[in-house]
Peer 1: 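For reference, the structure I am asking about is given below.
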Amino acid sequence: MKAGGRTGAPIALQLVALLVVSLIAAQLMTFAVVVLMPPPARAVYRLEDVAQALRGGSLHPRYGRELARSVQQDAPTEPELRPPPRDPGELGMMQPPGEWPRRELASLVGAREADVRLIQHPPYSGMMLRGPFSIRVPGRFVQARPPAPGEGPGGVAGRDVANGSSGGFASRPAGPALFGEFTAALRQADGRWLVVRPRPEPFPNDWERRLLLWLGGCLLLVAPLGYLFARRITAPIGAFARAAETLGRDPNGPLMALSGPAEIGMAARAFNDMQARLKRYIEDRTAMVGAISHDLRTPLARIRFKVEGAPEPVKAAVIADVEQMEQMISQVLAFIRDASAGRPHDRLDLLSLVECQVDDAAQTGQDVALVASAAVTVEADALGLQRLLANLVDNAVKYGARARISVAEADGHAVVEIEDDGPGLAAGDLERVFQPFYRAEAARTLDGRGVGLGLAVARSIARAHGGDVTLVSRDGGLIARVRLPLSAR
């Protein structure tokens, strides 16, 4: 790549690399959330707490979620879980529920078995714990032990995990416990059923929090990678767009130097080749026009020499035409020289530049004044802007008797307006007068010596700076409006 640039891997390869890295990061986050973190504690409900709720007591079990109590006409219709028997040695202390949990619950509430329902769901989620067991619940370590004499079906001892102190319930009967969701019901005297079940888990529950943590962690891991990849792709494209805009203003600008994907490098090389060809084309045409204009001075000099002996009226007419042609040639050469010369742009105070132009015009006796204005900063060629303003002020004074200049900032541009009190222009001439060598009828009447390059030069200089010059008719005059980009702050 030209101008010191370098190219990287193709965009397709970089995209595949981003996908692979993102997948690895997501898998690492999954491993951290699922494997390294302890699983959420399952809800544990003692049958004693369930029986207490069925008897109209507290709905706040010791370890599980809060219970909900309701009354309905019919018994719960979900089928009771009856999983196939398993080897007690393999299952250990956890045994599938059968008829005995319902009998146990009926015994605790003091009702017949036919008046009690105990349904556990989903399948295999609710397991009955019998005999000694240990469970870990939030904030406590609970250990069930064999029932002491006269204590009931089972006992439980507990201690606070945080400080190791007793939980304060070591001597209270515990009984069997249920894991997961369940529905317990007790038939009332009027035939209706009192139903107790755990309240729905709030959002987010433990697993949903883990899912949100996983999503957030993946986002934190992958988002920076995606941002860096996007910046790597879009930064060269933005520089490419700025280089194209610079080429539209100044074909003699420096070649583009980009680093980025291989595709951007290929486009940059093609762009630089195009700029070089455009520059050669412009230089060849400019040199040809300049040479023709310069060579025309030789036959004009011979014509001037030959008419020296002609009669005075003929001599005066020919000499006037020769001088006009020489003036045109001089202005054409100046126009070509200014168009082909690339000068550096500096930060300029546009208001100060306009004030200098007003002072220069006032010293020559022209009626030029600066009205309400504001200081604005632009990046421009000082000599080019001086010539632009001089041409517009001269036109305003020549065809409109006076010039009133204002400087302001609007829509991210510096705006200079030059008003005159002249006859103005027809609507069809507001753009045509910017064509080289075109002169409106009013201009030919008032000044027969002009060649019609002043406005063309002014617009060429403005557009070389990324701006423009337009003419606007008003009652009793004309407004020449110059728009230039503001300097980057």
Peer 1: Any heavy-atom pair between the side chains of E181 and P198 that's under 4.5 Å?
Peer 2: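 Side chain of P198 against side chain of E181, heavy atoms only: contact under 4.5 Å found.
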Peer 1: Going by atom types only, do R347 and S487 share a side-chain donor-acceptor pair under 3.5 Å?
Peer 2: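 Yes - a donor-acceptor pair under 3.5 Å links their side chains.
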Peer 1: If you measure from OG on S473 to CG on L425, what distance do you get to the nearest 0.5 Å?
Peer 2: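 If I round to the nearest 0.5 Å, the distance is 6.0 Å.
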Peer 1: So, D381 side chain and G384 main chain: donor-acceptor pair closer than 3.5 Å or not?
Peer 2: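 Such a contact is found between D381 side chain and G384 backbone.
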Peer 1: Give me the atom names and distance for the closest heavy-atom approach of V378 to P485.
Peer 2: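 Distance-wise, the nearest heavy atoms are CG1-O, 3.5 Å.
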Peer 1: Tell me, which pairs form a salt bridge (Lys or Arg N to Asp or Glu O under 4.0 Å) where one or both residues lie in residues 15-34, sequence neighbours left out?
Peer 2: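 As it turns out, there is no salt bridge (Lys or Arg N to Asp or Glu O under 4.0 Å) pair with a partner in residues 15-34 once direct neighbours are skipped.
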Peer 1: At their closest point, which heavy atom of A462 faces which heavy atom of V469, and how far apart are they?
Peer 2: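 Closest pair (atom of A462, atom of V469, distance): CB-CG2, 3.5 Å.
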Peer 1: With a 4.5 Å limit on heavy-atom distance, are the side chains of P204 and L212 in contact?
Peer 2: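 P204 reaches L212 side chain to side chain.
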Peer 1: What pairs with F434 under ring-ring contact (aromatic ring centres under 6.0 Å, His included), at least two apart in sequence or on another chain?
Peer 2: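 ring-ring contact (aromatic ring centres under 6.0 Å, His included) check on F434 returns nothing, list empty.
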Peer 1: Measuring from atom OG of S460 to atom CG of L455, what distance do you get when rounded to the nearest 0.5 angstrom?
Peer 2: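 Answer rounded to 0.5 Å: 12.5 Å.
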Peer 1: Taking only residues two or more places apart in sequence or in another chain, which ones pass salt bridge (Lys or Arg N to Asp or Glu O under 4.0 Å) with R483?
Peer 2: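 If we apply the salt bridge (Lys or Arg N to Asp or Glu O under 4.0 Å) test to R483, skipping adjacent residues, there are no hits.
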Peer 1: Find the distance between CD (E66) and OG (S58) and round it off to the nearest 0.5 Å.
Peer 2: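 Taking CD in E66 and OG in S58, the distance rounds to 8.5 Å.
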Peer 1: Extract all donor-acceptor atom pairs below 3.5 Å that involve side chains of residues 311-321 and protein atoms in other chains or at least two apart in sequence.
Peer 2:
residue	atom	partner	partner atom	Å
K315	NZ	E308	OE1	3.2

Peer 1: As a test of understanding, state which of T377, V415, L385 forms a side chain to side chain contact (heavy atoms under 4.5 Å, CB included) with L350.
Peer 2: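 Looking at T377, V415, L385, the match for L350 under the side chain to side chain contact (heavy atoms under 4.5 Å, CB included) is L385.
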Peer 1: How far apart are the C-alpha atoms of F229 and L15, what are their side-chain angles, what is the distance that settles it, and do they pass the side chain to side chain contact (heavy atoms under 4.5 Å, CB included) test?
Peer 2: CA-CA 8 Å; F229 176 79; L15 183 59; 4.2 Å; yes
Peer 1: CG/L220 to CG/L225 distance, rounded to the nearest 0.5 angstrom?
Peer 2: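 Here the rounded value is 11.5 Å.
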Peer 1: Could you tell me which non-hydrogen atom of L67 sits nearest to which non-hydrogen atom of R199, and how far apart they are?
Peer 2: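 What the structure gives for the nearest pair is O-NE, 3.5 Å.
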Peer 1: Where the side chain of R69 meets the backbone of G57, is there a donor-acceptor pair that is under 3.5 Å apart?
Peer 2: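 Judged by distance alone, yes, a pair lies under 3.5 Å.
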Peer 1: Return the minimal non-hydrogen interatomic distance between V358 and A369, and the atom names on each side.
Peer 2: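 Residues V358 and A369, closest heavy atoms: CG1-CA, 4.3 Å.
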Peer 1: Verify side chain to side chain contact (heavy atoms under 4.5 Å, CB included) between L370 and L351, making sure each step is shown before the conclusion.
Peer 2: CA-CA 10 Å; L370 181 66; L351 180 58; 3.9 Å; yes
Peer 1: Do R231 and Y227 touch side chain to side chain, with heavy atoms closer than 4.5 Å?
Peer 2: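 Answer yes - side chains close enough.
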Peer 1: Taking the side chain as everything from C-beta on, heavy atoms only, tell me whether L178 gets closer than 4.5 Å to V44.
Peer 2: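 Counting from C-beta outward, L178 and V44 never come under 4.5 Å.
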Peer 1: What heavy-atom pair brings L353 and A382 nearest, and what distance separates the two atoms?
Peer 2: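 The pair with the smallest heavy-atom distance is CD2-O, 4.4 Å.
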Peer 1: Could you tell me the separation between the CD1 atom of I405 and the CG atom of L389, rounded to the nearest 0.5 Å?
Peer 2: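 So the CD1 of I405 and the CG of L389 are separated by 7.0 Å.
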Peer 1: Is there side-chain contact between R304 and L300, with heavy atoms separated by less than 4.5 Å?
Peer 2: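 Side-chain contact under 4.5 Å: no.
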Peer 1: Inspect the contact between R459 and D468 and indicate whether a charged nitrogen and a carboxylate oxygen are less than 4.0 angstrom apart.
Peer 2: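 Salt bridge flag = yes for R459 with D468.
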Peer 1: What heavy-atom pair brings A53 and L59 nearest, and what distance separates the two atoms?
Peer 2: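 Closest approach of A53 to L59: CB-CD2, 3.8 Å.
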Peer 1: Is there a salt bridge (Lys or Arg N to Asp or Glu O under 4.0 Å) between E201 and R65 once you walk through the steps?
Peer 2: CA-CA 8 Å; E201 288 186 308; R65 298 193 309 272; 3.4 Å; yes
Peer 1: Is the shortest heavy-atom distance from the side chain of L486 to the side chain of E409 under 4.5 Å?
Peer 2: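 Of all side-chain heavy-atom pairs linking E409 with L486, at least one is under 4.5 Å.
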Peer 1: Quick one: OG1 on T470 to CD1 on I479, what's the gap to the nearest 0.5 Å?
Peer 2: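 Going from OG1 on T470 over to CD1 on I479, the span is 9.5 Å.
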Peer 1: Could you name each residue pair satisfying salt bridge (Lys or Arg N to Asp or Glu O under 4.0 Å) that touches residues 415-428, not counting sequence neighbours?
Peer 2: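 Sorted result for residues 415-428: R402-D421, E417-R481, E419-R474, D421-R474.
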Peer 1: Taking the six-membered ring for Trp and the single ring otherwise, decide whether the centroids of F182 and Y45 are under 6.0 Å apart.
Peer 2: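 So the answer is yes for these two rings.
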Peer 1: Would you say that L430 contacts L478 through its side chain, given a criterion of any heavy-atom pair below 4.5 Å between the two side chains?
Peer 2: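 L430 reaches L478 side chain to side chain.
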Peer 1: I'd like to know if the side chain of H413 reaches the main chain of D411, judged simply by a donor and an acceptor atom lying under 3.5 Å from each other, with no hydrogens or angles considered.
Peer 2: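 Judged by distance alone, yes, a pair lies under 3.5 Å.
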Peer 1: Under the side-chain hydrogen bond (donor to acceptor under 3.5 Å, both in side chains) rule, what pairs show up with a residue in residues 213-223, not counting sequence neighbours?
Peer 2: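 Residue pairs with at least one partner in residues 213-223: T30-W214.
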Peer 1: State, yes or no, whether a side-chain contact exists between D367 and R404 at a heavy-atom distance under 4.5 Å.
Peer 2: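 Touching, per the 4.5 Å side-chain cut-off.
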